[in-house]
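Atoms within a ligand are numbered from 1 in the order they appear, just like the ligands themselves.
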Amino acid sequence: MSNSINPERAKTPFGTPVAAQVLDGKVTAATIKSELAVRVEVLKGRGITPGLGTVLVGEDPGSQWYVRGKHRDCAEIGVNSVRRELPADVSQQELEAVLDELNADPGTTGYIVQLPLPDHIDTNAILERMDPAKDADGLHPTNLGRLVLNVSSPVNAPLPCTPHGIVELLLRHKIALNGKKVLVIGRGVTVGRPLGLLLTRRSINATVLLAHTGTLDLPELLAMADVVVAAAGMPAMIKAAELKEGAIVLDVGVSRAVDEQTGKSRIVGDVDPDVADVASWLSPNPGGVGPMTRAMLLANVVEAAERQAGIIAD
Ligand SMILES: Nc1nc(=O)c2c([nH]1)NC[C@@H]1CN(c3ccc(C(=O)N[C@@H](CCC(=O)O)C(=O)O)cc3)C=[N+]21
Ligand SMILES: [Mg+2]
């Protein structure tokens with residue numbers, strides 16, 4: 001972090017920069033996991049053990065790492081998990097046959113297909129092949145459709161994990177978005193697009209600006225945003241000087257860089273570290289939205305099992 005004082009910040013009554021408060025995804029995810037563990041016990045008392053299936057195609061080390069983490073998370077809250085690993089050259093038909101097995105397996109109450117899939121696979125056809133009642137990512141077209149129709153909630157259908165994690169992270173820090181201008185950067189199907197739908201619900205009531213690579217004047221939008229959600233995957237693209245004083249900033253993008261000193265790979269977010277000098281709240285990366293995404297996956301698995309057991313989630 002630089003030592004220079006942002007000139008705008010220096011004009012505040014405080015005179016010197018005050019570091020942003022941390023939107024701590026690690027601590028919040030741990031709280032959510034302990035709440036879910038109680039619900040898992042209730043299900044087990046009724047003879048139902050929730051089970052997550054993961055489907056991993058190919059040997060990308062990053063994807064392998066994420067999937068391992070998901071199984072660890074399940075074990076922590078008493079959820080069973082099964083792993084299906086397929087070679088990178090698996091055919092569409094073979095992959096669909098695995099989904100059919102998981103759809104039919106009563107022990108698998110929810111599952112995910114780790115993305116991205118290899119280019120020769122039709123990803124949308126795969127997502128559509130899933131049983132929407134077992135869709136732990138909330139990415140089946142039926143569940144995305146329910147989000148558009150505003151009938152999804154934990155009661156009726158799963159929500160996509162990262163958008164839900166972002167909303168939950170804000171709620172649990174008592175940050176209300178009613179009437180606020182939220183700039184979402186990135187229009188991907190897993191984050192930006194569904195997040196816009198979630199934030200504009202009446203219960204949250206934000207005004208959403210959805211920016212993307214075709215956006216012409218991003219600085220103009222950044223200057224007016226009360227909240228910025230950076231999900232572009234462009235290292236350190238959000239700079240302190242572009243932001244409104246006191247903005248709330250969520251760093252979602254994940255890029256990797258090799259540390260010159262250690263030679264180790266490390267995570268680089270979309271937000272420049274200097275942003276901590278002007279933001280009122282900042283989600284770190286790592287330690288922010290990533291752990292929340294994983295917690296919301298667990299929530300989807302538990303809620304799917306509750307729906308299957310006829311227990312209504314709240
Ligand atoms: N079907 C599917 N569902 C997904 O949810 C999905 C996916 N495919 N493909 C890849 C992305 C990426 N993703 C992350 C989840 C957790 C962290 C996470 O917990 N990160 C840690 C640090 C991780 C590290 O140190 O490498 C953190 O932010 O603190 C990151 C990224 C889920 N994804
Ligand atoms: Mg993170």
What I want to know is whether Leu115 and ligand 1 share at least one N or O pair that is separated by under 3.5 angstrom.
yes
Geometry only, no angles: is Arg256 polar-contacting ligand 1 at N/O separations under 3.5 Å?
yes
With respect to Pro286, determine whether any N or O atom, backbone or side chain, lies less than 3.5 Å from an N or O atom of ligand 1.
no
How long is the straight-line distance from CE of Met234 back to CD1 of Ile185, given to the nearest 0.5 Å?
9.5 Å
Decide whether an N or O pair under 3.5 Å exists between Thr293 and ligand 1.
no
For Asp119, look at atom CG and say whether over 12 heavy atoms of other residues, nucleotides or ligands are found less than 6.0 Å away.
no
With heavy-atom distances below 4.0 Å as the criterion, list the atoms of ligand 1 near Pro291.
19 (O), 27 (C), 28 (O), 29 (O)
If you define the side chain from C-beta out and look only at heavy atoms, does anything of Leu199 sit under 4.5 Å from Val184?
yes
Short side-chain to backbone donor-acceptor contact, Asn285 and Gly253, under 3.5 Å:
yes
Check: Trp65 N/O within less than 3.5 Å of ligand 1 N/O:
no
Heavy atoms only, cut-off 4.0 Å: how does Arg294 contact ligand 1, side chain, backbone, both, or neither?
side chain
Provide the number and element of each atom of ligand 1 under 4.0 Å from a heavy atom of Val113.
1 (N), 2 (C)
With a 4.0 Å cut-off on heavy atoms, is Gly287 in contact with ligand 1?
yes
Strictly under 4.0 Å, does any heavy atom of Val254 approach an atom of ligand 1?
no
Are side-chain heavy atoms of Thr54 and Val82 found at a separation under 4.5 Å?
no
Residue pairs fulfilling salt bridge (Lys or Arg N to Asp or Glu O under 4.0 Å) with at least one residue in residues 76-88, sequence neighbours excluded
Lys33-Glu76, Arg83-Glu85, Arg84-Glu101
Is there a heavy atom of Lys70 sitting under 4.0 angstrom from any atom of ligand 1?
yes
Say whether Ile267, considering both its backbone and side-chain N or O atoms, lies within less than 3.5 Å of an N or O atom on ligand 1.
no
Thr262: partners by side chain to side chain donor-acceptor pair (under 3.5 Å), with sequence neighbours left out
none
A student checking ligand 1 against Gln114 at a 4.0 Å heavy-atom cut-off should list atoms 1 (N), 7 (C), 8 (N), 9 (N), 10 (C)
Within the 4.0 Å heavy-atom cut-off, what Arg266 brings close to ligand 1 is neither
State, with a plain yes or no, whether a side-chain heavy atom of Val289 is found less than 4.5 Å away from one of Thr162.
yes
Heavy-atom distance to atom 5 (O) of ligand 1: which of Leu297, Asp137, Thr123 wins?
Asp137
d(His173 NE2, Ile248 CD1) to nearest 0.5 Å is 11.5 Å
Checking the side chain of Asp272 only, and the main-chain atoms of Lys239 only, is there a donor and an acceptor separated by less than 3.5 Å?
no
